[in-house]
Amino acid sequence: MWGVATGPLRRRAVAQNLSTTLGCPVLLLLAQGYDRPSYVDVALVLALLGPIGTLVFARLLAEDLDEDPPRAQALTWAAAGFAAAVVLAVCVATEPGRAMVKLLVTGALLIGGNLVASRALARGMPTAEERHG
Amino acid sequence: MSRRVRLWILSAGGTGLAVLLVVACFQLPGFGGDQHPYGDRAVRESLARRTANTVASVNFDQRAFDTLGEMTILFSAVLGTVVLLRQTRDEHRAKPAPAQVAVPVRRYALVTLPVALLTGLYVIAHGQLSPGGGFQGGVVAATALHLLYLGADYRALEWIRPVGLYEVGDALSASAYLVLGLAGVLAGTAFLANTLLSYGTFNTLSSGGAVPLLNAAIGMEVACAAVVLLARFLDQAVEIEESGKTGKTGKSGE
Amino acid sequence: MDDALIAVALLLVAATATAAVATRDPVHQALVLSLLGVALALLFTVLQAPDVALSQLAVGSALTPLLLLLSVRKVWRRRQRQGRTE
Amino acid sequence: MDHPNHLLPLLVAVPLLGATLLVAGGRRLPRAVAETAGCAVSAATAGLAIFLVLQSSPPMVEWVGDWVPRDGVSVGIMLIGDGPGLGMAALASLLTLAALAYSWHYFDEPPRRHAGSFPALMLLFQGGMCGFAIAGDLFNAFVFFELMSVVAYALTGHRVEEARAVQGALTFGVVNSLGAYAMLMGIVLLYARTGELAMAQIGRRLDEGGPPDALVLAAFVLVLTGLLVKAAAVPFHFWLPDAHAVAPTPVCMLLSGVMVELGVYGTWRVYGDVFSGPGGIPAPDLERALIVLGALTAVVGAVLCWCQRHIKRLLAYSTVAHMGLFLIGIGVLKPEGDGGVALYILGHAGVKAALFACTGILLDRYGSVDEHALHGRARKLRGVAALFGAGALGLAGLPPFGTGLGKALTEEAAGPALTVLFVAVSTVTAGAVLRVGARVFLGLGPKPEEDPSYEPYETTGSGERPETRRRLKRVPDTMTAVPALLLAAALAVGVAPGFATVVDHSVSEAGSGGAFTSPHWTPAGVLLGLTSTLLAVGLAALAVTHRKGLPGEAWTGPLRRLQSGHIGDYVAWLLAGAALLGALALPGIVAG
Amino acid sequence: MSVLPYLVAVWVFLAGCYGLATSRNLIHAVGCLTVCQAATYVLLIAVGYRDGATAPVYSDIEPASRPVVDPVVQALALTDVVVGATVTALLLALVLQISKRHGTVDPDELSELRG
């Protein structure tokens, strides 16, 4: 929250991306804590739309991000790791079946989306070779 | 009037209202209290009509007239935006340059698009069972469509969603909701009455009489409305240029 | 345990809302508003309202920021072109 | 039909269905077919509304979705089909029909594929107003309140090429949305305390809950803030002149004719059903709050109306002034007062819509609504001049007009002190309109010279582009027939024998159920009407002949500077108004 | 604790109004309007909460097995969230047109409607 409110633009964008990456596992833990499997739908939609939100920022703020591309690889990987750990923990807790499939889909979406979004933020929208060329 | 006078009036009005509201908050029944008569009645009625998700039952069965009003607000807001953002005579459409997008992002967009559409439809279909419903599912489906704009470029998006079709879709699904309501009157019972169809068995896809139908109508209406809304905003931001200005349209082609 | 969770979620929402009001630049405000959406979704889930959390997520995470940023782009491009033509 | 109350929801469903089908089909329909379809659906709804009004002697109650209450409680939504509610719905439908007829082939070419968008928006507006008029459920009233507002923002900003139109629409939008959110907070407070959403049940639960406390006061202030923003009471009225100066004329007819009156109607119904019992706000408090706000609104409206050059803003301020009079009429809490206000609203709607129609003709014929620029140029339009003059006299409350009868009844109920205010305000507003009529149509008096030094701070009416594609050489007959019909209707309200008694009877039956007085033309009423008209004519003559502006130009300067067109000011004033409302209604609660 | 949610709702509402009144950019003002809206949702849901209760959705639990929260407020808030977004879009459309016609989005510089 502090990262989004203050500091240069690139730090805010990374903080926004982190907020969705951390929010989804919290929702999963809540679903497990309240013993309500139907709350996983909320986590699924967040896993789906979070990275899309970050892509929106990356896409439309491409120019501003080009000047000083965000360098937050360590933080992103740590968040992705934490999310993976939570998803695995919750999977272990639930018995296999439809719920497990939904959980795996959520986890895959979340981690994939998070990595792609952070790369989009870091490298900006133009394709990689143009950046080096 | 000057900023200082405005700040004075603002602080005076604000503090007066704040005092009133804070005192009222202390008079409110305690947070988490046990006294919810309307809520308990609503749960009883929804279970009687075998709708698993009580919120959907309240939305589409008990207080369906409110949802009719909210749907009409949505419909008129989108119609208003279409009218307000129309292309006036002194503007012309400039074709946006195709944008290049990083390969991983493009792959991610193309993979996530079907999943997102599927999730949207799932949320609409299971509206009267698990958390979700027409409103949420519609927005998710509409956002999924715009992944193409984020993944690819604007022309790809325009190719797969002809705006005119969605405007007609928006209007038709709104009238579908109204016709479902009128069916109640024609059949002799009241407007938006849910007594025509059987309530089916509990916790199945077809339970709850007219609730799934109204849910589907709202879902389609919200999806089309969101697509039309974003289409209008994208047109303004990407395509429509001031013909009056001489400056070139800048490098930021999308 | 529930009360503590609710209190934390409430304070998070209050702080994010104040931050959203305090940031004057629309671009930064769009970022904070998307965070406010996630915070509200958390609060609604803690208050046992998954439907509302779902709709807040659907609207607040992708739709509103996209609209805000498109408006900023349209307004910003006009001023940038005006700046260049004068 | 043995039980017509099942038709109540149709009052809302028919225009909405018409609007959706118009938009769906609007892409292929030629423009004429779209507009005829719009008029047809609007006429059908008006017919349905009038049919239901005639059935409303014992007030009908309809539970949507057949959720009839069991042992006194129900889950569904309640719609009330009584005299005032259905009367307002019928008035809204008739005015929408008149506006649609007036705007026949009126606008320049609509966007290629959206021929049906303007009639559809008008039908949605009508549906929203009818829904609000018959809503018996507080949250349902809020939903239709917001529907009315959203459609009004889109319609006000319809001419996007005009720089003023978009600014006026945004100001209107932001202020009304904030008022709507305040109202929603008030409804939530009431729901938390009583656990009910239907107005009658909330009132009953509040009465069971013992004397009123801070929560009831806060809910009262919040809900009334939303309604008074719509009714343009003083601290909340700033959006109205900005919105009226820019909206297309048919929209102005609707905004001034009936939408603002629905705010007053909402106030009357919410107080009558929810806050009038022992558990609600004590009567003296409400009287003090409404009469103080009403008097302030009337005075500010009248004074600012007098100093305007822009004819549409002048008429807008006269609407604000009349809103003040209506609030006073309701504030006296007497059945005759309510009956008088109902008649006054009906008469005022017809007269004000006709005046706006004539202003629209001026705008399209001469491309300006500035009193000084139009000086003596409209001599050729004999018919329009007669309509404008009749409208101005009607505004003053000349006896045969409905406004005269309504004003007389309300003055009778309001007592001597307020009667002086009534006469003064209607004199000033009617005088201003007569002055404009004299200068524009008859070219009387010297041509007011331009003194650029004086008012850098004023929106003049010049430089407005006509709404039709090019200036109208010949005024189409639809644009003259509609105001004539509206004035005839206003005349009928005053003259038709049984009409006034039926209206008064249904109002007092639905409202506080007081004694049924038979309203008729009392000699005192006629006298008051004549005096205000003569005073108005005198004031206009004085203004036209007198060269240098009018006495009192100096001290209205700061008052006019308040109307700054800046959104931040209006929001600040809205909060200040809410606090003022709370302070006015406080003494009873503290003492009670 | 029993009054904290209501106080937070009031605080967010007043903060949104403060931001709206003192804003120098119309897009920022519309953002503050959405903050005011969020306050109404917080109050709406807080009023319907019941201690130790769960969501009134019976897809995964037995009916009447656990106390449930008030579904009516959730239904009211649910529709309001989506509708609020579209109304914000309408106001943003107006802001776009203002920036096109006035050349600026700073309310102090808008000088058309005065007097």
Side-chain angles (χ1 to χ4, degrees), chain B residues 1 6 9-10 12-17 20-21 23-24 26-29 35-38 41-42 45 61-66 68-70 72-73 75-77 79-84 86-90 164 167-168 171-172 174-175 178-179 181-182 184-185 189-195, chain D residues 6 9-10 13 16-17 20-21 23-24 27 62-67 73 75-77 111 113-114 117 120-121 124 127 131 139-140 143-144 146-147 150-151 153-154 157-158 160-161 189 192-193 195-197 213-215 217-218 221 561-562 564 568-569 572-573 575-579 582-583:
Chain B
M1 53 197 173
R6 183 185 320 142
I9 297 173
L10 185 68
T15 39
L17 200 61
L20 181 69
L21 289 180
V23 170
F26 282 99
Q27 311 268 343
L28 271 171
Q35 189 244 349
H36 298 283
Y38 199 129
R41 280 206 307 278
E45 292 295 339
D61 189 355
Q62 297 162 19
R63 295 185 67 88
F65 202 58
D66 273 353
L68 169 72
E70 304 272 358
T72 319
I73 296 177
F75 178 70
S76 39
L79 186 62
T81 312
V82 163
V83 166
L84 289 180
R86 64 181 184 274
Q87 188 187 340
T88 50
R89 269 187 305 283
D90 60 356
E167 276 162 13
V168 173
L172 284 184
S175 44
L178 281 159
V179 164
L182 289 176
V185 179
T189 55
F191 184 68
L192 282 174
N194 186 7
T195 51
Chain D
H6 277 322
L10 290 192
L16 300 190
L17 193 59
T20 45
L21 293 180
V23 170
R27 313 170 55 69
E62 160 70 358
W63 292 89
V64 182
D66 222 7
W67 289 97
V73 282
V75 188
I77 293 171
R113 293 190 314 280
H114 300 290
S117 56
L121 280 173
L124 286 171
F139 186 77
N140 205 23
V143 166
F144 284 111
E146 207 172 319
L147 172 60
V150 166
V151 179
Y153 311 153
H158 192 271
V160 278
E161 310 83 20
L189 289 182
R193 164 59 62 87
E196 282 298 328
L197 276 177
D213 57 359
L215 179 91
L217 176 66
V221 163
R561 222 170 298 289
L562 285 183
S564 63
D569 296 350
W573 277 113
L575 289 181

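Throughout, a chain's letter reflects where its sequence line sits, starting with A, and its residues are numbered from 1. What you see below is based on every heavy atom in this structure, not just the backbone, and it leaves out hydrogens, waters and symmetry mates.
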Please tell me if the side chains of [X] and [Y] come closer than 4.5 Å, counting only heavy atoms from C-beta onward.
X       : Y       : answer
L182(B) : L17(D)  : yes
L28(B)  : R193(D) : no
E70(B)  : V143(D) : yes

Among the options [options], pick out the one with the most heavy-atom pairs lying under 4.5 Å from chain D.
options                         : answer
V168(B), L20(B), T15(B)         : L20(B)
V179(B), L84(B), L17(B)         : L84(B)
S175(B), G16(B), A77(B)         : S175(B)
T81(B), L68(B), L172(B), T72(B) : T72(B)
S76(B), P37(B), G14(B), A64(B)  : S76(B)

V23(D) and A171(B): which non-hydrogen atoms are nearest, and at how many Å?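 Heavy atoms only, the tightest pair is CG1-CB, 4.0 Å.
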Heavy atoms only: give me the nearest A24(B)-A218(D) pair and the separation to one decimal.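 Scanning both residues, the minimum pair turns out to be CB-CB, 3.5 Å.
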Is it the backbone or the side chain of [X] that comes under 4.5 Å from a heavy atom of chain B, or both, or neither?
X       : answer
L10(D)  : side chain
L21(D)  : side chain
L124(D) : side chain

Does the Q62(B) side chain pair with the main chain of A42(B), one donor and one acceptor, at a distance under 3.5 Å?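 It does hold such a pair.
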With a 4.5 angstrom heavy-atom cut-off, is it the side chain or the backbone of F75(B) that approaches chain D, or both, or neither?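 Contact with chain D: side chain only.
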For the pair R41(B) and E196(D), find out whether any cationic side-chain nitrogen is under 4.0 Å from an anionic carboxylate oxygen.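 Result for this pair is yes, salt bridge flagged.
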Is the distance between the ring centroids of F139(D) and F144(D) under 6.0 Å?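 No; F144(D) has its ring centre 6.0 Å or more from that of F139(D).
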Which one wins on heavy-atom pair count under 4.5 Å against chain B: [options]?
options                            : value
V150(D), I77(D), L575(D)           : I77(D)
L217(D), D213(D), V151(D)          : D213(D)
A120(D), G127(D), A576(D), A154(D) : A576(D)

